[in-house]
Amino acid sequence: MKKLILLLLLVSGIVIRTVAADGYTTDKVEKHDVAVLIIDMQNDFVKPGAILCVAGAEPTIPAIKDLADHARKNGWKVIHVIRAHDKDGINVDAPRIPLFTDGKPGYCVPGTEGGEIVKELTPEPGDYVITKTRNSGFFQTNLDMVLRRLGVKTVILAGTQYPNCVRGTAADAMSYDYETVICTDACSAKTPEVAEANIFDMKNMGIKCITLDEVKSTYTK
């Protein structure tokens, strides 16, 4: 006997709830309520030999590109959240001030090659770029305002690296009441052990950590 499927559309038009005859329910988020946040995929963090290279970052580029392309095809928003520091380091977090002193060039300075987003992930028309000076993409930025203006309810995070900017942004997204999803194929750390430890912690915080295939199957109508 075929299961009876009832589609209940909430008045807000945001969530579609599928109710089967056996009582099982699954929530599907409509495509315009989802945004992909691509975090810190800049040359200074990604390219081998760069000043703050994260060893696991470059191998995630294909998965991030796949996720971003999927997002655009489904009408999701793609937002690049990147570091941008003054060349004298006046707005950098304290532990990294030494990278800007004694003639050192610093990192992620606008106008430098190191501060640019890796070419494979160059923002496309319709994408947004938001700059930050700390780990969290929400700290003293307009990210929350932009997401709310766009009607976003779910944020899917990609980028680098797990213990710093990915985790900081994810924790704040959850605090702002966004459904927060980590795309594990598209995020990175210096070692697999660091990645696994942070995934374990974030899962226990209530943050959803799933693969790219699971993202596509769960959040695509």
Side-chain angles (χ1 to χ4, degrees), residues 16 26-48 50 53-83 108 115-132 137 143 146-147 150-170 173-174 178-192 194-196 198-200 202-203 207-221:
I16 297 177
T26 58
D27 289 340
K28 291 284 188 179
V29 180
E30 287 187 321
K31 58 186 179 182
H32 60 273
D33 295 324
V34 181
V36 170
L37 307 183
I38 302 176
I39 300 170
D40 285 1
M41 290 300 288
Q42 297 159 268
N43 291 321
D44 275 339
F45 295 122
V46 178
K47 294 303 180 181
C53 177
V54 178
E58 190 172 45
T60 64
I61 290 175
I64 297 174
K65 188 176 187 311
D66 189 350
L67 175 62
D69 289 343
H70 180 80
R72 297 182 189 106
K73 289 176 183 176
N74 284 276
W76 304 351
K77 300 302 180 181
V78 175
I79 302 176
H80 303 260
V81 184
I82 63 172
R83 286 265 187 170
C108 293
E116 294 176 359
I117 295 170
V118 296
K119 63 180 181 180
E120 298 91 337
L121 302 175
T122 299
E124 297 190 5
D127 290 0
Y128 293 84
V129 178
I130 290 178
T131 61
K132 63 186 177 71
L143 178 58
V146 169
L147 291 171
L150 294 172
V152 171
K153 302 296 181 183
T154 299
V155 292
I156 300 172
L157 276 62
T160 198
Q161 65 166 322
Y162 269 116
N164 296 349
C165 298
V166 171
R167 183 166 175 162
T169 302
M174 185 174 64
Y178 293 99
E179 180 185 16
T180 306
V181 181
I182 299 292
C183 182
T184 55
D185 301 305
C187 292
S188 58
K190 288 188 174 182
T191 68
V194 171
E196 290 167 9
N198 279 272
I199 291 170
F200 177 83
M202 286 190 286
K203 282 183 176 179
I207 294 169
K208 188 180 295 184
C209 299
I210 57 178
T211 66
L212 177 57
D213 285 342
E214 289 173 320
V215 167
K216 292 179 178 180
S217 64
T218 302
Y219 294 96
T220 306
K221 291 173 64 177

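Just so we're clear, the structure is a prediction, and the values are computed from it rather than from any experiment.
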> Mind checking whether V118 and N43 have side chains closer than 4.5 Å, heavy atoms only?
Replying inline: yes

> So, for G137 and V81, which heavy atoms are closest and what is the spacing to 0.1 Å?
Replying inline: CA-CG1, 3.8 Å

> side-chain contact (heavy atoms from CB on, under 4.5 Å) with K208: which residues, sequence neighbours excluded?
Replying inline: E179, V181, I210, Y219

> Out of I64, V166, V54, I38, which residue meets the side chain to side chain contact (heavy atoms under 4.5 Å, CB included) rule with T160?
Replying inline: V54

>> If I compare all heavy atoms of P163 with all of A189, which pair ends up nearest, and what's the gap?
In response: CD-CB, 4.3 Å

>> Is there a side-chain contact (heavy atoms from CB on, under 4.5 Å) between T131 and I82? Walk through the geometry before answering.
In response: CA-CA 5 Å; T131 61; I82 63 172; 4.0 Å; yes

>> For the OH atom of Y178 and the CG atom of L37, what is their distance to the nearest 0.5 Å?
In response: 9.5 Å

>> Surrounding NZ of K190 (heavy atoms of other residues, nucleotides or ligands, distance under 6.0 Å), is the total greater than 12?
In response: no

>> Going by side-chain contact (heavy atoms from CB on, under 4.5 Å), name the residues that satisfy it together with D127, two or more places apart in sequence or in a different chain.
In response: R72, V78, H80, P123, E124

>> Tell me whether K65 is salt-bridged to D69, with the criterion being a basic N under 4.0 Å from an acidic carboxylate O.
In response: yes

>> Assess the residue pair I182 and N198 against the criterion (side-chain contact (heavy atoms from CB on, under 4.5 Å)); give the C-alpha distance rounded to whole Å, side-chain angles, the decisive distance to 0.1 Å, and a yes or no.
In response: CA-CA 11 Å; I182 299 292; N198 279 272; over 6 Å; no

> Do the side chains of V215 and V36 get nearer than 4.5 Å, heavy atoms only?
Replying inline: no

>> Check whether D44 reaches the backbone of C108 with its side chain - one donor and one acceptor, N or O, closer than 3.5 Å.
In response: yes

>> Could you go through T220 and W76, starting from their C-alpha distance and side-chain angles, then the distance that decides it, and tell me whether this counts as side-chain contact (heavy atoms from CB on, under 4.5 Å)?
In response: CA-CA 10 Å; T220 306; W76 304 351; 3.9 Å; yes

> What are the two closest non-hydrogen atoms of L147 and I79, and how far apart are they?
Replying inline: CD2-CD1, 3.6 Å

> Just wondering, do Y162 and T184 contact through their side chains at under 4.5 Å, heavy atoms?
Replying inline: yes

>> Taking side-chain contact (heavy atoms from CB on, under 4.5 Å) as the definition, give me every residue that meets it alongside C165, ordered by chain and number, with sequence neighbours left out.
In response: I39, D40, R83, K132, N135

>> Restricting to non-hydrogen atoms, name the atom on P59 and the atom on G56 that form the minimum distance, rounded to 0.1 Å.
In response: CD-O, 3.3 Å

> Any idea which heavy atoms bring A158 and L67 closest together, and the distance?
Replying inline: CB-CD2, 4.0 Å

> Can you tell me if D185 uses its side chain to pair, donor with acceptor, with the backbone of L212 under 3.5 Å?
Replying inline: yes

>> The test is side-chain contact (heavy atoms from CB on, under 4.5 Å); show your working for M202 and T180 and say whether it passes.
In response: CA-CA 10 Å; M202 286 190 286; T180 306; over 6 Å; no

>> Treating E58 as the side-chain partner and K47 as the backbone partner, does any N or O pair qualify as donor plus acceptor under 3.5 Å?
In response: no

> Of the non-hydrogen atoms in S188 and A57, which two are nearest, and what is the gap between them?
Replying inline: OG-CA, 3.3 Å

